[in-house]
Amino acid sequence: MNYNFLEIEKKWQEFWKTNRTYQVGFSSKPKLYVLDMFPYPSGAGLHVGHPLGYIASDIYSRYKRHNGFNVLHPQGYDSFGLPAEQYAIKTGQHPKKTTADNINMYRNQLDRIGFSFDWSREIRTSDPNYYKWTQWIFILMFNSFYCPFDNKAKSIKSLINSFEKEGDKKFKSQLSDLGYSFNHSEWDGFNPKKKSEILMNFRLAYLTDGEVNWCEELGTVLANDEIINGVSERGGYHVSKRKVKHWCLRISEYSERLLSGLEKIDWPDPLKEMQRNWIGKSKGVSLNFKVENSKNSIEVFTTRPDTIFGVSFLTIAPEYKDISDLSSQNKLAITEYISEVSKKSERDRLSDVKSVSGVFSGSYAIHPFNGKKVPIWVSDYVIASYGTGAVMGVPAGDQRDFDFAKKFQIDIPNIFKDIDISNAAFSEKTGFKLNNSEFLDGKDYDESLEIIINEIEKKNIGKSKVQYKLRDATFSRQRYWGEPIPIYYKDGIPQNIDPIDLPLKLPEVDNFLPTKNGDSPLGNSKSWAWSEKDKKVTSNDNINNVDTFPIELNTMPGWAGSSWYFYRYMDPSNNENFVSNDSQNYWSDIDVYFGGSEHATGHLLYSRFYQKFLYDLKFLNKDEYAKKLVNQGMILGNSAFVYRKSGTSEYLSKNLISDYKVDKIRIDIKYVNAEDQVNFDLLKKEDRDFKNSKFILENDKFLCVREQEKMSKSKFNVVNPDEICDQYGADTLRMYEMFLGPIEQSKPWDTRGISGVHSFLKKFWNLFYNDSKINLSDEQPSKEALKTLHKTIKKVSEDIEKLSLNTCISSFMICINELSSMKCNNRFVLENLLILISPFAPHFAEELWSQLGNTKSIVDEKYPEFEEEYLVESEKVYPVSFNGKTRFTLNLSLDLNHQEIEKEVLSHEKTKSILDNTIPKKIIIVPGKIINIVI
RNA sequence: GCUCGAGUGGUGGAAUUGGUAGACACGUUGGACUUAAAAUCCAAUGAGCAGUAAUGUUCGUGCGGGUUCAAGUCCCGCCUCGAGUACCA
């Protein structure tokens, strides 16, 4: 019988479904939680790059199941958010419909690959029963604050309590920074609006009126991690700054814990490094400069207080909070400058890094140590939201300050002894002694740092300070397709909807398109106001009813639903809790999490923040959710391009372009000859894309240019897994994807290479068959065959543990090659091999397993145990090298001792002929490894 | 600019962590089977030199040094590519 993969795969996929083979529950077995990042169901469908991580995690899950673990391996859909909505807008359909359609398409494609997902636990972030809990967590954040004394989140009630009992006493420093001061009776006297305003500065989910990244094309606000190189990550659109009232999550309070938590999780170093950079911790001091003839002072943050005597100016950001107090002298120029800066888009600002701009404020500050007057400048190279929004300009020690001073002819005092700073600043922390620095003269960095911090604290003009780059996360999206924010406004004061009334369902609207002016599409809904009495959404028309209030119109960002979804899989249909204690206690946390590193500073950071927040409030019992994380690499597609003479419809073969100005045009790979991979298929060029085009050939051929790029539908270089399944089968696809290379590496896809894996499976299959009948021997397996088997058991299980799945496939190939040449048809050996391969090629293994007469599925068979005794060798082929170069090999018994080996080697003819009567200087023998003779 | 990561045959990639570089595949070439093709099987395949040949020999893991009996692997200095980040004081 032939290996009829189409029939086999269909048969077993149905078997698994009807027998609920992959459904799991509580068990006395040890648990293991293996998770993939769930997909966005976009309209493009899967290409062969998508399942890469899913296949790896599936192999790992199945392997662990054979080894006695109760493996939770669920899957679901991240179905809210921009991609789903964009697709809906493009196709002119309601996102609800397109999302459902896309999910069906994804599911069909996933099912063909034979994953062991427990689909009974499927979740969708856009399902009201799911987002009920996303909203619930938001309310929890809204009603919490970060307590600096206990260093954790606590209920806002305890803060209110403290205000009621002792006024601002406990939180004096924070409150006075915000400009508040009150005793307990004053607090009692504040009206609700004032109270809300004060509390808003503490809530972990808070409403603010600050600058945001506004993307007009997408019609929404974006978080920092959704912007790449100054343009939107999705679509690459223009992003500018805009003042908008919006919700934020106070993730910055968790900076230190997010940073230190990285130490205890086994995540890839590059990814941890990215999170560290994003959090951006730096130690320094904050320092006060008095403003001349004014009560005001300017606080700057610096990491180099040792360079204090090099200060020749101060610079403040255009958005600096007290700017109006300073600008009395030069008001007009400053206003002009500020408006100029605000017109610049994010991208202009980035591309403009080199150009220096700024304006003198007209005011001076007083140097706290030498009393000199230093001018205060305004410039956009200082960022308002970092540090204090003001810096001290030390042109000798900082290149930006240097450039600024040069441009505006500000003094550049040299504070470094014998260092030339005429062309550039000296910004190293080593290799200098200070100069012109009064009591710091002659000191190096470490010495002066200690002294100056001491002096600063003694004079009470500043203090040591730790700064983080991490900003609070913008949470509002002016979008339709997202979780409604469960907030309504009573007399302009935001109130959360009672959690009992969740979910707050997304209303039907006629028009869900984003608006250019930034109003949310939810405003289009006729029924979108909150009735406090009825506890439900009611018509906007009733907005003036006594107990009816407007609801928040913005929705949540895509990452809200994905920040906690891994807990929902543990208990997906619980209506009382987002996860039950029993479920959480049993499944605990993720043992291995597979996904792309592109989520490093988005999903993977936000979810750690959610985790810590829910841990603080004792809803979770771990403060990190994934012990180990694996970043699978991308699969690269082989994109194709043709050259076209600029301004014409004449196309030139690859090597004919030298004399012309040409445009490089991306073409669909369907036009490229599948055999040779460069020849443009002239038979297909009649397609409408190339109507009226002229093709100039070279040697009767038209050659394209091929380049490797990330596989993506927009690049016309995708390979559909369905086609591979049709042609070679899912098991071949699974094994080939693993065979391509290490899981974490990016690697190019080449369909031609698949034949090797496919013929391996056929070869394996043929070991069971003789003349189209199963033909196995029940005799004792040969010593040789057992050695091959156990060698493979050892190698494959070690490699799966290391997730080195590409080398597993090689080992299988070696094994089958060896057994084929032995003509091995031994039942014991082949049965064991079926279990070994079943994580990789599950349909294949199930089929042969059942053909051998087994009635139960192979998935719960015990994994074969490696036994050392079959591998014990009595001899070793030693490489004999001279001065480190191998010249010949020598087969020796492993029983020989050092002297005996030396004797054997030296008496060997080849040794004699190479030595040619010279006496070796030294002979190195590592028993069981190598022999090296030094001459 | 800064921070990571990576450079091994024509291609994807192996190499027990310092011990026979190129496993396993793809591709290519030659052969067998076939009227033919597909499929399958067998053989060769890092580069060069010498030899009819078995074989011998030199070079060879981005480049230049170093440590070592021994370096793809460790150390120092560069180059190239990829990713992230970007006026973060």
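Lettering of chains follows the sequences in order, A, B, ..., and the numbering in each one begins at 1.
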Between [M] and [N] - [atom1] atom distance, rounded Å:
N     : M     : atom1 : answer
B:C42 : B:C33 : P     : 16 Å
B:G66 : B:U55 : P     : 36 Å
B:G72 : B:U52 : C1'   : 37 Å
B:G48 : B:A86 : P     : 49 Å
B:G64 : B:U57 : C1'   : 27 Å
B:A71 : B:C79 : P     : 26 Å
B:G46 : B:C24 : P     : 12 Å
B:U80 : B:A43 : C1'   : 39 Å

Looking at A:E798 and A:K802, is any side-chain nitrogen of the basic one under 4.0 Å from a carboxylate oxygen of the acidic one?
no
Identify whether the distance between the nearest side-chain nitrogen and carboxylate oxygen of A:E873 and A:K787 falls below 4.0 Å.
yes
Once you apply a heavy-atom cut-off of 4.0 Å, does [X] come out as touching a base, just sugar-phosphate, or nothing?
X      : value
A:L740 : sugar-phosphate
A:S282 : sugar-phosphate
A:K885 : sugar-phosphate
A:S811 : nothing
A:N817 : sugar-phosphate
A:T315 : nothing
A:V877 : base
A:S597 : nothing

Check whether any side-chain nitrogen or oxygen of [X] sits under 4.0 Å from OP1 or OP2 of [N], and answer yes or no.
X      : N     : result
A:K922 : B:C69 : yes
A:Q745 : B:G13 : yes
A:Y381 : B:A89 : no
A:T886 : B:A21 : yes
A:K762 : B:U40 : yes

What is the distance from [atom1] of [X] to [atom2] of [N], rounded to the nearest Å?
X      : N     : atom1 : atom2 : value
A:R887 : B:U58 : CZ    : P     : 5 Å
A:I383 : B:A86 : CD1   : P     : 9 Å
A:E273 : B:C2  : CD    : P     : 15 Å
A:F739 : B:A14 : CZ    : C1'   : 10 Å
A:M274 : B:U85 : CE    : P     : 6 Å
A:I925 : B:A70 : CD1   : P     : 16 Å
A:E598 : B:A83 : CD    : P     : 13 Å
A:K802 : B:A15 : NZ    : P     : 7 Å

Nearest of [options] to any side-chain atom of [X]?
X      : options             : result
A:P270 : B:C4, B:G19, B:A89  : B:C4
A:T807 : B:G12, B:C24, B:A15 : B:A15
A:P748 : B:G12, B:U20, B:C26 : B:G12
A:K876 : B:G12, B:U20, B:C24 : B:U20
A:N277 : B:U3, B:U40, B:C69  : B:U3
A:N806 : B:G13, B:A89, B:A70 : B:G13
A:M813 : B:A89, B:C69, B:A25 : B:A25
A:N932 : B:G5, B:U20, B:G19  : B:G19
A:T601 : B:U85, B:C24, B:A89 : B:U85
A:P742 : B:G84, B:A14, B:U40 : B:A14

Set out, in order, the CA-CA distance, both residues' side-chain angles and the distance that settles side chain to side chain donor-acceptor pair (under 3.5 Å) for A:T788 and A:E818, then state yes or no.
CA-CA 7 Å; A:T788 296; A:E818 285 176 6; 2.8 Å; yes
G-U wobble or Watson-Crick pairing nucleotide for [N] (cut-off 3.5 Å, both distances):
N     : result
B:U17 : none
B:U85 : B:G1
B:A39 : none
B:G77 : B:C63
B:C26 : B:G10
B:A47 : B:U58

Have a look at A:Y736 and tell me which of A:Y728, A:W749, A:F840, A:F760 forms a ring-ring contact (aromatic ring centres under 6.0 Å, His included) with it.
A:W749
Would you call A:H47 and A:I635 a side-chain contact if the rule is heavy atoms closer than 4.5 Å?
no
Can the ring centroids of [X] and [Y] be said to lie less than 6.0 angstrom from one another?
X      : Y      : value
A:Y337 : A:W377 : no
A:W559 : A:Y606 : yes
A:F812 : A:F764 : no

With the 90 degree cut-off around zero defining syn, does B:G46 come out syn or anti?
anti
Anti versus syn assignment for B:U17, with syn defined as within 90° of 0:
syn
What residues, two or more places apart in sequence or in another chain, satisfy ring pair (Phe, Tyr, Trp, His ring centres under 6.0 Å) together with A:F5?
A:Y3, A:H758
If you pin A:V934 and A:I931 to their nearest nucleotides in RNA chain B, which one's is more 5'?
A:I931
Whichever of A:S881 and A:G741 has the more 5' nearest nucleotide on RNA chain B, that residue is A:G741
Residues, nucleotides or ligands: over 12 heavy atoms within 6.0 Å of A:N2 CG:
no
